[in-house]
Structures are given as C-alpha cells and as structure tokens.
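I am attaching a structure below and will ask some questions about it afterwards.
Computation of the quantities below employed the complete heavy-atom set of this structure, encompassing side-chain atoms and omitting hydrogens, waters and symmetry-equivalent molecules. Naming: A, B, ... by sequence-line order, numbering from 1 per chain.
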Amino acid sequence: MELFRIKKDIPFMSYGRLTTSISLVTFILAIFFLFGRGLNYGVDFTGGTVMEVHYPTTANIENIRKVIDAEGIKDVTVQNFGSSQDVLIRLPVKKELSIAQLSEKISHALKSADAGAEVRRVESVGSQVGEELYENGGLALLLVCAGIMAYLALRFEWRFAVAAIIANMHDVIIILGFFAFFQWEFNLTVLAAILAVLGYSVNESVVVFDRVRENFKKMRKASAVQVIDNAITRTMSRTIITHMMTQTMVCSMLFFGGETLHNFSLALTIGILFGIYSSVLVACPIAMWLGVSRANLIGDTEKKSKEDEAAIAP
Amino acid sequence: MNRYPLWKYVLIGAVIVIGLLYTIPNFFGESPAVQISPAKTSLKVDQSLLQKVEDTLKLANIQFDGLYMDASGVKARFANTDTQLQAKDKLVASLGKDYTVALNLLPQTPVWLQSIGAKPMYLGLDLRGGVHFLLQVDMKAALDKAAESTLGDFRTSLRKEKINYYGIERQGQQVVVKFESETEATKARNLLAKDFSDLTYKIGGSDKEINLTASMGAMSQKRIQDFALKQNLQTLHNRINELGVAEPIVQQQGVDRIVVQLPGVQDTAKAKEILGRTATLEIRMVDEEKSDMATLQKAQNGQVPFGDEMYFDRDGRPVLVKKNVVLTGDRITDAGPGINGQNGASVVNVTLDGRGAGIFKNVTRENVGKRMAILLIEKSSTEVVTAPVINEEIGGGRVQISGMANAQEATDISLLLRAGALAAPMEIIEERTVGPSMGEENIKRGVHSTLWGFAAIAVMMVIYYLVFGSVSVMALGVNLLLLVAVLSMLQATLTLPGLAAIALALGMAIDANVLINERIREELRNGNTPQASIHAGYDRAFDTILDSNVTTLIAGLALFMFGTGPIKGFAVVHVLGIMTSMFSAVLVSRAIVNLLYGYRRKIEHLRIG
C-alpha cells in the first residue's frame with residue numbers, strides 16, 4: 001500500500017507567504033490567550049495541596065465543602081474527578097498551617113464525617129518548591145533551545161538552526177496558548193511533554209533539512225526553491241506516516257492513561273499536529289528567506305560526502 | 001552487499017539474549033514477605049539471627065516459602081498475606097525492639113536469575129503506593145546556633161586570659177566583642193585567632209568603642225551546614241527504623257534538603273509525627289547512693305526513690321538517675337569515636353561549647369568517682385545512652401568517654417550523642433502520598449497505554465510496509481525488550497511518567513524504520529535493484545536518524561538536569577529509549593533484512609508495499 005505517490009513536486013514555497021501568515025496569526029492568538037487568560041498552573045508550580053478522595057457511593061460535594069468549611073479552611077475548591085465517587089480537593093498554601101498539618105487536618109475531618117472516605121492521593125507543595133520548579137522549567141527550555149541550535153548550526157548551518165528554532169518555539173507557544181485558552185491544568189508532566197515535543201519536532205525539520213542538503217548536492221541546476229520543494233515532497237510520505245504512528249501511541253495514552261497522563265497526551269497531540277505544519281511550512285520558508293543556498297552548504301557537503309564514501313567503502 | 005559479518009549477528013543475538021534474561025524477572029510477580037533488620041548499627045546480620053527467625057517461625061508452626069539472608073537483613077517469604085501478618089506478630093514478640101520487623105513484597109525471581117543480578121524494575125512511589133516527603137533544613141538556624149556557641153567559647157577564653165572587654169554579642173552569624181582600647185582588642189584577636197583559627201577577624205569602630213568582629217569563612221559555614229545535614233539525616237534514619245518500613249529512602253537533595261520516601265506506608269500521620277519529633281539529650285548524675293540491687297529491684301516494681309527517675313540503658317539494665325539536669329544536649333557541639341592514646345581502647349570524644357565546658361568542669365570536680373548518665377529523651381521513651389564513671393575533673397570542654405566495648409560501640413554512641421537531636425529544625429515542604437490501589441491502577445494504565453499503542457502501530461506498519469513493516473515491528477519489539485532490560489539492570493526508579501516515556505519512546509522510535517522503509521521504496525522507484533535499494537536505503541537514512549536522535553537526546557538531557565522527581569523519571573526513560581532505539585531500529589532491523597534477502601541470488605520483488 002502506498003498513500004503518497006506524487007509525481008510532480010508540490011510548490012510548497014510558493015505558498016510560503018500564506019502558510020507563515022497562518023502561523024503568525026495562530027502564534028499571536030496564542031500569545032494573546034497566554035497573557036490575557038494566563039496558564040492554569042497546577043500545585044507543582046503554585047504550591048498548595050491537592051487531595052483525591054474516593055467514596056464507596058456517590059460523593060456529596062456540598063457536604064464535603066461544609067465539612068472543610070467547619071475546619072475553618074477557606075478558598076477550597078471541591079469537584080468531581082473522573083467519576084461521581086471520586087472527588088478532587090484543592091487548597092492554596094496557608095500561612096498559619098504547615099502543608100503537613102493541612103492535609104492531615106482535612107483527611108481527619110473527612111474520615112470522621114464519612115468513614116468510607118479513602119484518601120487515595122495527596123500532593124502538597126510548599127510555595128518555595130513551586131517557584132524553583134518554575135525557574136528550572138524555564139532554564140530547561142532555554143537549555144534545550146540553545147543545545148539544539150548549536151547542534152544544527154554545527155551540523156548544517158546557522159540559517160537552518162535559526163529557522164528550526166523559530167518553528168519549534170512557535171509550536172511551544174501554541175501548545176501553551178491552547179492550555180491558556182481551555183484553562184487545562186499546566187503541571188510538571190505537561191512541561192515534560194512540551195520539552196519532549198521540542199526535541200521531537202526538531203526531528204522533523206532535521207529530516208527535511210537533510211534532504212535539502214542532499215538535493216543541493218544532486219540537483220546542481222535547480223534553484224533553492226525547487227530544491228526545497230522537492231525535499232518536502234520527497235519526505236512528505238515519511239512525515240505523515242511517522243506522525244500517524246507517534247500519534248497512535250499518544251492516543252493510546254489519552255484513552256488508557258487516566259487523569260495523570262491526560263494533559264500530558266493532550267500537549268503531545270497539539271505538539272505533533274503543529275509540529276508537522278511548522279517544521280515543513282514555517283521552518284523551510286524562513287530558511288529560504290534567510291538565504292540558504294548551495295554556496296553556504298557546499299563546502300560542508302563535499303567534505304561530508306567523502307567521509308561517507310570512506311565509511312561505506314569497507 | 002547486504003550481509004553482515006558473523007560477529008555482528010552474534011553480537012546482536014547476544015544483546016537480545018541478555019535483554020531477555022534481564023526482562024524476565026518483571027513477569028514473576030511478588031510474594032508477601034517479612035524483612036528483619038537490626039535497629040542498631042552494633043547488631044550484625046548473621047547466622048544466629050537467621051537461626052532465631054527460623055526457630056521462631058517453626059515454633060509457631062508458620063509455613064514459609066523461603067528464608068534467606070542478605071546485607072540488609074533476614075527475609076522470609078510466605079504464601080499469602082495472612083501468614084505474613086501472623087509471622088510478623090510472632091517475630092516482633094520474639095525479637096524485641098532491637099530488630100525492625102517490616103512487611104515487604106519480594107520479587108519471585110528464580111534463584112538462577114537472581115544470581116546474575118536480574119531484578120524486576122524498581123517502581124517509584126506513584127506505582128507502588130507510599131509517602132514521599134521533602135524536608136527543608138533551616139540552615140540559618142544551624143549557623144546561628146554555631147555562632148551562639150562561638151560566643152560562649154570567646155567569653156570563656158577571654159576571661160581565662162583576663163582580657164578586658166565590655167560587651168559581647170551575636171549579630172546575625174557574626175560575633176562582635178567590644179573593647180575600650182585598641183591594644184586590648186589586638187591582644188584578644190591574637191589569642192582568639194590562635195584558639196579558633198577557622199574564623200576571620202576584623203578590628204574596627206570609633207575611638208571610644210573598638211569592635212572585634214569574628215565571622216565564619218565560607219569553608220567553616222559549609223562545614224557547619226554539612227554537619228547539620230548529616231546529623232539530621234542520621235536522626236531521621238534512626239527514627240524511621242522504628243516505623244518498620246521495608247525499604248525506606250533517606251537521602252540528601254541539594255545542599256539543604258532531605259528526601260524521605262516510605263514505600264507502602266499508609267499511616268501518614270504517624271510518619272509525620274516521627275519525622276517532626278524533637279529529641280533531646282540530657283546529662284544527669286546517677287544516684288549512686290541508691291544504686292544497690294535491692295533499691296533497683298524495688299524501683300523496677302514501681303517504687304522509685306524520691307528525687308530520682310528510673311530508666312533503662314541500651315542493654316536493658318535499670319539505672320536510677322537524679323531528676324536534676326546537669327547539661328542539655330545542645331551544649332554538645334561534636335562527638336566522634338576515637339582511640340585512647342595510652343591504652344589503645346575505644347573511646348568517644350565529646351566537645352562541649354563554652355558554657356557547657358564551664359558547668360561540666362564544676363560538676364566533674366565535685367563528683368569524681370561517680371557515674372554520669374547521658375539520656376536520650378524522645379516523645380515515646382527515654383533511654384540511657386551511656387553512664388560513664390568520672391575519673392577526674394574535666395575542663396576545657398573536651399570530654400573523653402571510655403569504657404566502650406569496641407570501635408563499633410564507640411561509633412554507635414557518638415552517633416547517638418550527635419544524632420539524638422536534630423542539628424537544625426526541619427520543615428516538610430513537599431508531600432506526596434499515593435494509596436496502594438492508586439499505585440496498581442497507575443501501573444495498569446501505563447502498561448495498557450503501551451501495549452495497545454504498540455499493537456496499533458504493529459498492525460499499521462504491517463499493512464503499510466508488508467514484510468518490511470514486520471521487520472520494523474520486530475525491531476520495535478526488541479527496542480521495548482532492551483529498554484525494559486536496561487531499566488531493570490540500572491534499577492532506575494520507574495514512575496508513571498516513566499511508563500509514559502516508554503510508550504512515547506516506542507512511538508518515536510518507529511520514525512527511524514519509517515525513514516528507512518520510505519528510502520528503500522524511493523530507491524526502488526528510481527529503478528535501482530532490490531539489493532542496492534536496501535543498501536542505499538539503510539545508509540542514506542542513517543545520517544538523518546542520527547541527527548534527529550541527537551536533537552531528541554538534547555531535550556532529554558535538559559529534562560534530566562533540571563527535572564526533579566517524576567520528571568527525572570521521565571527523562572531517564574526518554575534518554576535510554578533513544579539509545580536502545582538507535583540499536584534496534586538500525587542494527588537489528590538491518591540484521592533481519594540481511595538474513596531475509598542478503599543471501600538470495602536473485603530477488604524479483606521486495607515486499608515493501
């Protein structure tokens with residue numbers, strides 16, 4: 001079976017202005033939501049306490065609120081979680097009570113109100129830990145960008161590095177924009193997903209760039225635009241099949257992974273979908289406008305092809 | 001051209017066999033067990049303990065499936081949890097409080113696999129249930145305390161040398177001594193600099209008031225902080241032992257934090273109580289007049305003489321001590337094992353701060369020949385750590401406690417002296433509790449995601465690429481096998497995000513095979529022969545695979561460096577997954593393709609869809 005048998009190169013670069021404009025609009029929208037609504041940070045980042053309580057029968061949310069209120073603890077959100085028997089309780093950091101005391105107090109109160117209450121999970125994070133995680137997350141993001149740029153600049157050329165990083169940061173911002181728009185909870189696992197996406201979607205650009213470099217070597221008479229169009233067309237089948245496979249795995253996590261992996265897989269899904277688009281239709285036009293040409297790749301490629309031959313020879 | 005030399009096939013085969021061996025333990029499951037370990041460092045795990053456990057179980061007529069001994073203690077496994085609980089109760093009764101008896105789950109790995117070190121993956125708390133605490137040590141308090149004790153030492157030294165000063169105070173972590181003249185100040189500096197060489201001194205101030213400021217250098221600050229952290233670690237270790245947890249983790253994290261993980265613990269209230277408990281040391285005099293056998297006997301029956309209290313020492317002998325407290329433990333600045341220079345016996349060297357030394361000097365002068373008891377007081381119990389005889393008046397704050405049976409006991413007692421109390425207050429800044437049913441559910445979720453995802457990918461690959469798709473699926477299977485094997489070998493902590501990383505690694509690893517297969521198709525389309533197409537497909541795709549994996553690796557390493565807890569777990573698996581996928585997607589799939597096609601003389605058609 002073969003889904004993509006394309007005879008002629010698709011003139012992707014002629015749509016460059018259109019595709020990058022679409023990107024720009026989504027990007028600006030994402031930024032708008034990110035600053036307008038802000039991210040709904042989980043306790044990992046804000047500090048505070050989350051408790052998951054399981055009841056043998058349908059949980060009475062109103063009652064639970066009353067019980068906690070009677071303890072004199074304010075700003076509590078109580079909501080159903082997954083099923084009607086499971087309840088999620090969120091509490092902010094309290095000055096007067098240590099996080100250890102807080103969770104203990106509540107679980108005691110809940111158990112004395114209803115003996116069947118089973119505290120299945122408690123996560124309490126002090127505010128200083130939250131701040132650190134926030135900083136570390138930012139640092140990790142920067143380090144990944146710097147590392148990837150350095151590698152691409154070394155392996156290809158600075159124009160590719162810049163184009164790839166712009167395309168991928170655009171993915172990251174769009175994922176964040178989605179999380180801000182829908183107010184999905186942004187926690188540590190989502191951050192991990194975003195960093196994984198960053199690495200993954202650079203793959204995409206690398207595959208196309210590799211082909212671009214190879215084409216410059218082979219298609220001596222073609223223009224840069226023709227070279228890039230050909231590279232995208234030739235790798236399109238692989239791009240779609242690969243993403244379909246990865247997305248299948250992510251969907252499996254979305255369906256079977258439960259609440260903990262839910263937002264993680266959502267972030268990956270958005271990342272993968274926009275990753276295809278941006279690495280092909282954003283990274284390539286940018287690289288083209290930055291002026292990639294045979295001249296600035298050829299020295300590198302000549303040397304490399306000799307090495308390759310030497311490596312294959314024995 | 002599509003033939004590997006024999007050694008390559010052998011290498012790949014060997015790697016797969018090793019992978020299989022180390023993956024197998026994950027399928028055997030676990031059986032309930034009881035783990036017996038000594039509560040004190042002076043007690044050894046030896047044959048007699050093993051014998052004792054065996055006798056106890058046989059006497060109580062409890063069936064056990066296995067009984068063996070390793071470095072950490074004696075372990076006995078049982079058929080079900082009922083017998084496990086029975087056995088625990090019997091063992092607690094017969095072994096007493098010198099040993100910790102904890103419930104545990106032991107992998108049912110066959111002995112021959114255990115002997116090559118094959119173990120199932122090490123599950124994190126979110127998969128097995130338990131409590132995780134992150135404790136922050138208040139280092140400022142530790143430094144303040146150190147400065148406070150330096151202040152006392154200064155006072156003693158200056159008085160002894162009769163140097164006049166009119167004020168001494170602690171400002172933050174500095175000690176400031178005030179003098180009327182510069183000459184006195186200089187004299188004081190010379191004296192103090194000799195006695196306390198790890199401080200830096202500065203003379204300043206106006207004409208009327210000369211200030212001598214002593215501050216701790218970075219080195220001594222670091223030493224004090226290290227000491228405080230180590231002492232707190234040791235204290236926590238001792239306390240957690242009494243909780244009876246099978247595999248507790250008490251670890252330093254960063255410079256001022258301690259991670260405590262208690263797998264399987266459900267009673268978080270008790271755990272918090274024990275972690276937050278404040279223990280104190282007290283030095284009191286033994287009531288020698290009333291320490292005859294008859295009085296002691298009576299005291300044990302509840303008739304304690306007036307003004308005394310009765311406690312037991314570590315060997316269970318009763319000791320009558322006076323209620324009056326001579327010194328408290330916060331006067332002890334250090335304690336360590338040592339050797340007596342004259343007779344070579346093991347001793348414990350204790351250093352007291354300035355005020356402690358003064359009090360100690362007076363008390364020892366008046367009580368030569370009597371015993372002095374050092375008590376460790378905790379919420380639940382008070383214990384006499386040691387009760388040495390005072391041989392002579394002791395000044396200067398350096399005390400040597402002799403009468404240690406051996407070096408081990410000396411180490412043990414100095415630890416207790418040091419670790420009985422916390423060096424600095426601690427606060428719980430992070431708590432994560434996962435119930436056992438939640439843990440099992442998380443495992444199920446992770447495993448289901450991986451398996452269903454794998455199955456779906458396999459079906460799609462085979463339909464789309466036929467024979468080459470099957471080869472890719474086989475390579476992906478080897479990838480999963482190797483990843484699980486490496487994780488089992490390294491005993492890296494597997495968390496739910498880690499399980500997600502396994503799934504994601506598979507989803508991403510297939511990229512390499514898609515690249516290769518697409519490349520082969522393209523070469524065929526360009527009119528190359530099947531053999532040449534296979535060759536070119538693998539060779540051309542390799543560069544791209546390498547490049548794309550390096551970028552993913554960079555992301556993984558950044559996650560590992562900056563991530564904590566669950567994120568670190570994700571990063572470890574992510575990075576390892578990339579490495580195993582390089583091996584399986586390129587070498588393993590090529591080897592299979594070579595075996596399929598490389599030895600045929602003529603291929604009409606490649607079944608690649």
Report task. Determine whether the side chains of B/Y465 and B/S470 contain a donor N or O and an acceptor N or O closer than 3.5 Å. Result ->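 B/Y465 vs B/S470: no donor-acceptor pair found between side chains.
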Report task. Test the B/R445-A/F256 pair against the cation-pi criterion, namely NZ or CZ under 6.0 angstrom from the six-membered ring centroid and within 45° of the ring axis. Result ->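 No.
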Query raised in the report: For B/E518, is it the side chain, the backbone, both, or neither that has a heavy atom closer than 4.5 Å to a heavy atom of chain A?
Result: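 Contact with chain A involves the side chain of B/E518 alone.
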Report task. Could you have a look at A/S237, A/G147, A/S107 and say which one has the most heavy-atom pairs with chain B under 4.5 angstrom? Result ->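 Max contact count across the listed options: A/S237.
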Report task. Heavy atoms only, distances under 4.5 angstrom: which of B/I428, B/T433, B/V550 has the most pairs with chain A? Name it, please. Result ->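 It is B/T433.
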Report task. Determine the option with the most heavy-atom pairs under 4.5 angstrom with chain B, choosing from A/D210, A/T235, A/V144, A/V125. Result ->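 Highest number of pairs under 4.5 Å: A/D210.
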Query raised in the report: So, B/E431 versus B/H132: side-chain donor-acceptor pair below 3.5 Å or not?
Result: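 Note: B/E431 and B/H132 side chains miss the donor-acceptor criterion.
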Requested in this report: With sequence neighbours excluded, tell me which residues meet side-chain hydrogen bond (donor to acceptor under 3.5 Å, both in side chains) with B/D547.
Outcome: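 Applying side-chain hydrogen bond (donor to acceptor under 3.5 Å, both in side chains) to B/D547 gives A/Y151, A/R155.
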Query raised in the report: Given that the side chain runs from C-beta out, which part of B/L515 has a heavy atom under 4.5 Å from chain A: side chain, backbone, both or neither?
Result: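 Looking at B/L515, backbone and side chain both touch chain A.
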Query raised in the report: Any idea which of A/H243, A/E118, A/R234 has the most non-hydrogen atom pairs under 4.5 angstrom with chain B?
Result: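 Answer, by heavy-atom pair count under 4.5 Å with chain B: A/R234.
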**Report entry** Interface residue of largest heavy-atom contact number with chain A, from B/I510, B/V434, B/L559, under 4.5 Å
**Finding:**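 Between B/I510, B/V434, B/L559, the count favours B/L559.
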Query raised in the report: Checking B/L504 against chain A: side chain, backbone, both or neither under 4.5 Å from a heavy atom?
Result: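 Both parts, backbone and side chain.
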Query raised in the report: Does a side chain donor of either B/N528 or B/S533 reach within less than 3.5 Å of an acceptor in the other side chain?
Result: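 No.
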Query raised in the report: Counting heavy-atom pairs under 4.5 Å to chain B, which of A/L133, A/V206, A/L198, A/I241 comes out on top?
Result: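 Top option by heavy-atom pairs under 4.5 Å: A/I241.
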Query raised in the report: Does the cation-pi check pass for B/R521 over B/Y464, that is, NZ or CZ under 6.0 Å from the six-membered ring centre and within 45° of its axis?
Result: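 Flagged: B/R521 positioned over aromatic ring of B/Y464.
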Query raised in the report: Would a distance-only check, ignoring hydrogens and angles, find a side-chain to backbone donor-acceptor pair under 3.5 Å from B/N549 to B/I545?
Result: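 It does hold such a pair.
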Query - Selection from A/Q101, A/H108, A/E132 maximising heavy-atom pairs under 4.5 Å formed with chain B - result: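 Option with the greatest count: A/E132.
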Query raised in the report: Can you name the residues that form a ring pair (Phe, Tyr, Trp, His ring centres under 6.0 Å) with B/F468, not counting sequence neighbours?
Result: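 For B/F468, the residues satisfying ring pair (Phe, Tyr, Trp, His ring centres under 6.0 Å) (neighbours in sequence not counted) are B/Y597.
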Query raised in the report: Going by atom types alone, do B/T552 and A/Y200 pair a side-chain donor with an acceptor below 3.5 Å?
Result: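 There is no such pair between these side chains.
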Query raised in the report: Do you know which of B/M561, B/R525, B/H574 has the most heavy-atom pairs under 4.5 Å to chain A?
Result: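 Highest number of pairs under 4.5 Å: B/R525.
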Query - Exercise: do B/E430 and A/S124 side chains pair donor with acceptor under 3.5 Å - result: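 A/S124 and B/E430 do not have a side-chain donor-acceptor pair below 3.5 Å.
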Report task. Using a cut-off of under 4.5 Å on heavy-atom pairs, state which of A/E135, A/R211, A/E204, A/E52 scores highest against chain B. Result ->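 The answer is A/R211.
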Requested in this report: With a 4.5 angstrom heavy-atom cut-off, could you sort out which part of B/M438 is near chain A: side chain, backbone, both or neither?
Outcome: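 Both parts, heavy atoms under 4.5 Å.
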Query raised in the report: Hey, are the side chains of B/T495 and B/F570 touching, using non-hydrogen atoms and a 4.5 Å cut-off?
Result: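 With C-beta onward as the side chain, the pair stays apart.
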Query raised in the report: Non-hydrogen atoms of chain B under 4.5 Å away: do they reach the side chain of A/V207, the backbone, both or neither?
Result: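 Answer is both: backbone and side chain atoms of A/V207 are under 4.5 Å from chain B.
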Query raised in the report: Is it the case that A/N168 and A/S279 place a side-chain donor and acceptor less than 3.5 Å from each other?
Result: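 Absent: no donor and acceptor within the cut-off.
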Requested in this report: Go through B/G507, B/S449, B/G453, B/A571 and name the one with the most non-hydrogen pairs under 4.5 angstrom from chain A.
Outcome: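 Among B/G507, B/S449, B/G453, B/A571, the one with the most close pairs to chain A is B/S449.
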Report task. Applying ring pair (Phe, Tyr, Trp, His ring centres under 6.0 Å), name anything that partners A/Y55, two or more places apart in sequence or on another chain. Result ->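 With neighbours one apart ignored, the set is empty.
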Query raised in the report: Taking every heavy-atom pair that is under 4.5 Å apart, which of B/A503, B/G556, B/G439, B/A512 has the most such pairs with chain A?
Result: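 Ranked by contacts with chain A, first place is B/A503.
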Requested in this report: Can you tell which part of B/N442 gets under 4.5 Å to a heavy atom of chain A, answering side chain, backbone, both or neither?
Outcome: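 The side chain, not the backbone.
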Query raised in the report: Heavy atoms under 4.5 Å from chain B: which residues of residues 188-195 of chain A carry them?
Result: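 Within residues 188-195 of chain A, the residues under 4.5 Å from chain B are A/L188, A/T189, A/A192, A/L195.
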Query raised in the report: Ion pair present between A/R120 and B/E440, side-chain N to carboxylate O less than 4.0 angstrom?
Result: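 Salt bridge between A/R120 and B/E440, a charged N being under 4.0 Å from a carboxylate O: no.
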Report task. Considering only heavy atoms and a distance below 4.5 Å, find which of B/A500, B/G129, B/S548, B/A555 pairs most often with chain A. Result ->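 Among the listed options, the one with the most contacts to chain A is B/S548.
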Requested in this report: Verify the distance criterion only: is there a donor paired with an acceptor across the side chains of A/N215 and A/N230 at less than 3.5 Å?
Outcome: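 A pair is found: one side chain offers a donor N or O, the other an acceptor, under 3.5 Å apart.
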Report task. Given side chain to side chain contact (heavy atoms under 4.5 Å, CB included), test B/L466 with B/I608 step by step and report yes or no. Result -> CA-CA 5 Å; B/L466 304 177; B/I608 195 166; over 6 Å; no
Query raised in the report: Contact part of A/L268 toward chain B, heavy-atom cut-off under 4.5 Å: side chain, backbone, both or neither?
Result: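 The side chain, not the backbone.
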Query raised in the report: chain A heavy atoms under 4.5 Å from B/H448: which part of the residue, side chain, backbone, both or neither?
Result: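 Contact with chain A is through both the backbone and side chain of B/H448.
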